[in-house]
S.K.: 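Input: one structure, supplied below.
The chains referred to below are lettered A, B, ... by the order of the sequence lines, with proteins before strands, and numbering in each begins at 1. Computed over heavy atoms, backbone and side chain alike; hydrogens, waters and symmetry mates excluded.
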Amino acid sequence: MNYWLMKSEPDVFSWDDLERKRRASWDGVRNFQARNFMRDQFRLGDCVLFYHSSCAEPGIIGIAKVVREAYPDPTALDPKSDYYDPASAKAGASRWFMVDIEPVQRFKRLASLAEIRGNSGLQTMLLLRKGQRLSIQPVTEKEFKTIKKTWG
DNA sequence: GCCAACGTTGGC
DNA sequence: GCCAACGTTGGC
């Protein structure tokens, strides 16, 4: 069992959108390191911290789980998509991958970035590291449990 | 392979 | 909107 944090801008795709859809494919990842995590390490049943970024109140809003392991992201081949990738189109196959997730539990209270920063048990989180912009990050079991216990 | 230029992320 | 930090691109 692995633990992850996935960032999404709520204006683009929010926790409410996930609950409404019941199941979502995580398309649009266009960073190699984030892709590699999904493609090589995401397993069925892995737990995901759903993080709202670039918004008034950034923070973790709930827990989701992986319900399908990596498969090619078709938006890379769609010229009309915001996520179109000419290099994939040229190669004739998507260079990018996605997984499917489902919502598990919305937190009682947002685990805001400010509160996470103030929690002595969470100082190891990659999220808090200066300059860390990865949209998909590994989380330790200990970090995950602390977050679930505190805000879940 | 170097590195400058450019684009993106994301908190504030 | 600002800007620090980082990733990617492309000329050489």
Side-chain angles (χ1 to χ4, degrees), chain A residues 2-21 24-42 46-66 69-101 103-140 142-144 146-148 150-152:
Chain A
N2 305 308
Y3 301 92
W4 307 99
L5 180 144
M6 295 169 96
K7 297 179 186 173
S8 185
E9 299 183 25
D11 289 347
V12 179
F13 190 81
S14 68
W15 174 268
D16 286 344
D17 293 327
L18 178 64
E19 286 197 337
R20 213 170 294 125
K21 287 186 72 174
S25 45
W26 205 259
D27 60 13
V29 170
R30 296 293 180 266
N31 170 282
F32 289 106
Q33 207 178 339
R35 178 201 70 180
N36 293 348
F37 280 134
M38 282 200 293
R39 189 189 58 187
D40 304 334
Q41 296 189 44
F42 270 54
D46 280 1
C47 293
V48 173
L49 298 171
F50 195 109
Y51 182 88
H52 280 171
S53 66
S54 295
C55 56
E57 263 203 306
I60 300 163
I61 185 161
I63 295 170
K65 69 176 175 189
V66 175
E69 293 180 4
Y71 59 108
D73 178 351
T75 62
L77 300 174
D78 177 4
K80 289 192 279 296
S81 170
D82 289 343
Y83 305 127
Y84 178 62
D85 172 36
S88 291
K90 196 175 174 197
S94 180
R95 299 192 296 164
W96 303 105
F97 288 79
M98 59 190 188
V99 298
D100 289 356
I101 64 168
V104 173
Q105 171 196 353
R106 185 187 187 118
F107 284 169
K108 294 198 212 64
R109 203 158 67 71
L110 180 81
S112 73
L113 180 60
E115 283 186 77
I116 292 169
R117 194 165 270 142
N119 186 306
S120 61
L122 297 175
Q123 298 306 301
T124 51
M125 288 193 75
L126 289 179
L127 183 68
L128 302 184
R129 193 171 295 177
K130 185 175 177 174
Q132 180 55 266
R133 300 175 313 169
L134 257 188
S135 65
I136 295 178
Q137 306 178 356
V139 172
T140 68
K142 176 175 162 288
E143 291 161 353
F144 182 86
T146 298
I147 289 165
K148 186 174 178 181
T150 308
W151 291 280

S.K.: With no hydrogens and no angle check, is any side-chain donor or acceptor of Ser112(A) less than 3.5 Å from a backbone partner on Gly59(A)?
M.R.: no
S.K.: So, using side chain to side chain donor-acceptor pair (under 3.5 Å) as the criterion, who are the partners of Tyr84(A) when residues are at least two apart?
M.R.: none
S.K.: Of all of residues 4-17 of chain A, which get a heavy atom below 4.0 angstrom from DNA chain B, listed by number?
M.R.: Lys7(A)
S.K.: Restricting to side chain to side chain donor-acceptor pair (under 3.5 Å), what partner residues turn up for Asn31(A), sequence neighbours left out?
M.R.: none
S.K.: According to side chain to side chain contact (heavy atoms under 4.5 Å, CB included), who are the partners of Pro103(A), at least two apart in sequence or on a separate chain?
M.R.: Trp15(A), Leu18(A), Glu19(A), Arg22(A)
S.K.: Tell me which one of Trp26(A), Phe97(A), Trp96(A) satisfies side chain to side chain contact (heavy atoms under 4.5 Å, CB included) with Asp73(A).
M.R.: Trp96(A)
S.K.: Name all residues meeting the side chain to side chain contact (heavy atoms under 4.5 Å, CB included) criterion together with Asn2(A); count only those two or more places apart in sequence or in a different chain, and write none if there are none.
M.R.: Trp4(A), Arg43(A), Asp46(A)
S.K.: Between Ser14(A) and Asp17(A), is there a side-chain donor-acceptor contact under 3.5 Å, judged purely by atom types and distance?
M.R.: yes
S.K.: How would you list, by chain and number, every residue that makes a side chain to side chain donor-acceptor pair (under 3.5 Å) with Arg35(A), sequence neighbours excluded?
M.R.: none
S.K.: Which residues in residues 127-139 of chain A have at least one heavy atom lying under 4.0 Å from any atom of DNA chain C?
M.R.: Lys130(A), Gly131(A), Arg133(A)
S.K.: For Ser81(A), give me all partners under side chain to side chain donor-acceptor pair (under 3.5 Å), at least two apart in sequence or on another chain.
M.R.: none
S.K.: Without swapping roles, check the side chain of Gln132(A) against the backbone of Leu134(A) for a donor-acceptor pair under 3.5 Å.
M.R.: yes
S.K.: Please check: side-chain N/O of Lys65(A) versus main-chain N/O of Cys47(A), any donor-acceptor pairing under 3.5 Å?
M.R.: no
S.K.: Could you check which residues of residues 109-124 of chain A get a heavy atom under 4.0 Å from DNA chain C? Sort them by number, please.
M.R.: none
S.K.: Hey, does Val48(A) have a side-chain heavy atom less than 4.5 Å from the side chain of Val139(A)?
M.R.: no
S.K.: For the residue pair Thr75(A) / Arg30(A), report whether a side-chain donor-acceptor contact shorter than 3.5 Å exists.
M.R.: yes
S.K.: Sort and list the pairs that fulfil side chain to side chain donor-acceptor pair (under 3.5 Å) and have at least one residue in residues 120-131 of chain A, not counting sequence neighbours.
M.R.: Thr124(A)-Glu143(A)
S.K.: Under a criterion of less than 4.0 angstrom to any heavy atom of chain A, what are the 5'-terminal and 3'-terminal contacting nucleotides of DNA chain C?
M.R.: dA5(C) to dT8(C)
S.K.: A quick test of your reading: do over 12 heavy atoms of other residues, nucleotides or ligands sit less than 6.0 Å from CD of Glu57(A)?
M.R.: no
S.K.: Could you tell me, to 10°, how much the axis swings from one end of the helix from dG1(B)-dC12(C) to dC12(B)-dG1(C) to the other, five pairs per end?
M.R.: 10°
